[in-house]
Amino acid sequence: MTTSTSSKLNIAVIGGGLIGPRHAQTVLKNPHTSLIALVDPAPHAAQLAATLQISHYTSITSLLSSTHRPDAAIICTPNNTHVPLALELIAAGVPVLVEKPIATTIESGVRLIEAAKQKGVALLVGHHRRFNPYLLAAKKAVDEGSLGRVIAVQGMWCLKKPDAYFDGIGEWRRGESGGVVL
């Protein structure tokens with residue numbers, strides 16, 4: 001999809017839990033994008049959309065049949081919903097950025113990738129760690145050659161999430177969320 005230099009890319013955020021509002025704020029801050037809608041059936045979503053001053057829809061079907069059809073969408077929902085929601089958007093020709101993981105099983109991830117290829121629709125996986133200041137500094141050091149010739153890298157990211165991370169809006173994380181696919 002190509003947009004002219006005078007028009008903004010209209011983006012819908014799918015999911016108003018913990019990560020969706022962060023994506024919404026990023027879209028709002030970008031001079032080349034316009035946040036047009038939030039899709040989430042949860043009771044709190046209508047208020048969030050009102051706070052963001054955008055339209056609220058309870059389903060992708062209602063979004064796609066509205067006047068707010070997006071140029072692209074960002075899926076920020078529980079992991080087990082990533083594939084069905086992305087497939088619905090891809091079938092409608094809407095490019096999608098899916099929060100990690102792309103799927104909860106390898107098979108469903110492959111099915112999603114194949115659907116995007118067949119339809120010719122862009123499919124991206126969001127992974128915020130690539131913008132971590134430590135990783136950006138490491139990349140800069142590699143690019144500048146200050147570390148010499150890098151022939152191998154090994155890394156590990158470990159942390160313990162607080163119990164509150166798994167409560168309230170994040171309660172879905174207590175179930176099956178992707179296992180090793182993450």
Side-chain angles (χ1 to χ4, degrees), residues 1-42 44-46 48-49 52-131 135 169-170 172-173 175-182:
M1 169 192 327
T2 305
T3 59
S4 72
T5 56
S6 63
S7 67
K8 292 184 175 188
L9 186 68
N10 293 317
I11 299 177
V13 170
I14 317 301
L18 296 173
I19 301 302
R22 289 185 190 176
H23 280 285
Q25 290 302 322
T26 300
V27 172
L28 288 169
K29 290 176 187 173
N30 187 321
H32 304 290
T33 58
S34 179
L35 183 64
I36 60 167
L38 172 69
V39 177
D40 193 323
H44 75 279
L48 175 60
L52 295 168
Q53 299 179 336
I54 58 173
S55 296
H56 171 246
Y57 297 93
T58 58
S59 70
I60 290 173
T61 301
S62 60
L63 169 70
L64 293 174
S65 64
S66 78
T67 58
H68 296 110
R69 185 180 171 87
D71 299 320
I74 303 171
I75 296 177
C76 320
T77 57
N79 298 351
N80 66 329
T81 66
H82 289 179
V83 171
L85 296 175
L87 286 171
E88 189 174 356
L89 288 159
I90 287 167
V94 177
V96 181
L97 179 134
V98 181
E99 262 297 330
K100 63 173 174 30
I102 190 171
T104 57
T105 67
I106 303 252
E107 295 79 18
S108 63
V110 169
R111 188 172 76 242
L112 179 56
I113 292 166
E114 288 304 316
K117 283 181 184 177
Q118 286 178 354
K119 191 74 175 177
V121 174
L123 172 65
L124 303 166
V125 179
H127 200 299
H128 67 282
R129 299 269 187 250
R130 80 178 277 201
F131 300 104
L135 295 179
I169 290 175
W172 64 268
R173 292 182 179 99
E176 175 57 42
S177 64
V180 298
V181 175
L182 286 168

- Message: Can you tell me how far apart CG (Leu9) and CG (Asp71) are? Round to the nearest 0.5 Å.
- Response: 5.0 Å
- Do Val121 and Val94 pass the side-chain contact (heavy atoms from CB on, under 4.5 Å) test, and can you show the C-alpha distance, the side-chain angles, and the key distance before you say yes or no? CA-CA 7 Å; Val121 174; Val94 177; 5.8 Å; no
- Message: For the CD atom of Glu107 and the CZ atom of Arg111, what is their distance to the nearest 0.5 Å?
- Response: 9.5 Å
- Give a yes or no on whether the backbone of Gly93 and the side-chain of Lys119 come within a donor-acceptor separation of less than 3.5 Å. no
- Would you give the length of the straight line joining atom CG of Asp40 to atom OG of Ser59, rounded to the nearest 0.5 angstrom? 11.0 Å
- With rounding to the nearest 0.5 Å, note down the distance linking CG in Leu35 to OG in Ser55. 9.5 Å
- Item | Side chain His82, main chain Pro101, donor-acceptor under 3.5 Å | yes
- Message: If you define the side chain from C-beta out and look only at heavy atoms, does anything of Asn10 sit under 4.5 Å from Ser34?
- Response: yes
- Item | Rounded distance (nearest 0.5 Å) linking atom CD1 of Ile74 with atom CG of Leu89 | 11.5 Å
- Would you say Arg22 and Ile19 make side-chain contact, with heavy atoms under 4.5 Å? yes
- Task: Please report the shortest heavy-atom distance between Leu38 and Ala45, naming the atom on each side.
- Result: CD2-O, 3.5 Å
- Message: If we ignore hydrogens and angles and just use 3.5 Å, is the side chain of Thr33 paired with the main-chain N or O of Val27 as donor and acceptor?
- Response: yes
- Item | Atom of Lys8, atom of Pro31 and distance for their closest heavy-atom approach | CE-O, 3.2 Å
- Val13 side chain reached by Ile54 side chain, heavy atoms, under 4.5 Å: no
- Note on the structure: Minimal heavy-atom distance between Ile90 and Ala115, with the atoms involved, is CG2-O, 3.8 Å
- Could you pull out the closest heavy-atom pair between Ser108 and Thr105, with the gap in Å? OG-OG1, 2.8 Å
- Query: Do any pairs count as a side chain to side chain donor-acceptor pair (under 3.5 Å) and have a residue in residues 86-99, sequence neighbours left out, and if so which ones?
  - Reply: His23-Glu99, Thr61-Glu88
- Task: Determine the minimum heavy-atom distance between Thr77 and Gly15, stating which atoms define it.
- Result: CG2-CA, 3.8 Å
- Task: List the atom of Ile36, the atom of Pro70, and the distance in Å for their closest heavy-atom pair.
- Result: CD1-CA, 3.7 Å
- Enter the distance from Leu85:CG to Leu112:CG here, rounded to the nearest 0.5 Å. 10.5 Å
